Amino acid sequence: MVKFMLIMQICSAVHMNCMDEKPIGVYSSHYDCVTAGYINAIGTTQNIGPEEVEKNKIVIKFSCSPLPTI
C-alpha cells in the first residue's frame with residue numbers, strides 16, 4: 001500500500017517568496033493526506049492571524065507526495 005507524505009509551505013505573494021518546505025506527516029491514503037493538508041492550512045492561516053495574512057498576502061501551499069514502497 002502506498003503512503004503519502006504531507007509537505008507544507010508558507011508563502012508571501014507580496015514578497016514573492018516561500019519558506020522552506022516542511023514535512024507534516026505520513027498518511028495511508030491520498031484522500032487522508034489531502035484532507036489533512038486543508039485542515040492544517042486553515043489552522044496555520046488562523047495561527048498567523050488576519051493582520052499578517054492581509055499585510056503579506058500569505059498563502060499556504062501543500063502537496064501529498066507518495067513514499068517509495070519497500
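Keep in mind that this is a model prediction, so the values were computed, not measured.
- Considering only heavy atoms from C-beta on, Lys22 comes within 4.5 Å of Ile24 through its side chain.
- Between the CD atom in Gln9 and the CD1 atom in Ile60 there is a gap of 9.5 Å [rounded to 0.5 Å].
- In this structure, Lys55 places its NZ atom where only 12 or fewer heavy-atom neighbours from other residues, nucleotides or ligands lie under 6.0 Å away.
- Of all non-hydrogen atoms in Leu6 and Tyr27, the two that sit nearest each other are CB-CE1, 3.7 Å.
- Residues Lys3 and Ser28 share a closest heavy-atom pair of CG-CA, 4.4 Å.
- Remark: the backbone N or O of Met8 is not paired with any side-chain donor or acceptor of Glu21 at under 3.5 angstrom.
- For residues 31-69, every residue pair satisfying the disulfide (SG to SG under 2.5 Å) rule, not counting sequence neighbours, is listed here: Cys33-Cys64.
- A distance of 8.5 Å separates CD1 of Ile58 from SG of Cys11, quoted to the nearest 0.5 Å.
- Using a 4.5 Å cut-off between side-chain heavy atoms of Ile, Leu, Val, Met, Phe, Trp and Tyr, with links allowed through other members, Leu67 and Ile7 fall into the same hydrophobic cluster.
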Could you list the donor-acceptor pairs under 3.5 angstrom formed between side-chain atoms of residues 45-53 and any protein atom two or more places apart in sequence or on another chain?
residue : atom : partner : partner atom : Å
Thr45   : OG1  : Ala41   : O            : 2.8
Asn47   : ND2  : Gly43   : O            : 3.3
Glu52   : OE2  : Asn56   : ND2          : 2.6

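- Connection of Phe62 to Ile42 is not established within any shared hydrophobic cluster, with ILVMFWY side chains joined at heavy-atom distances below 4.5 Å, either directly or through further cluster members.
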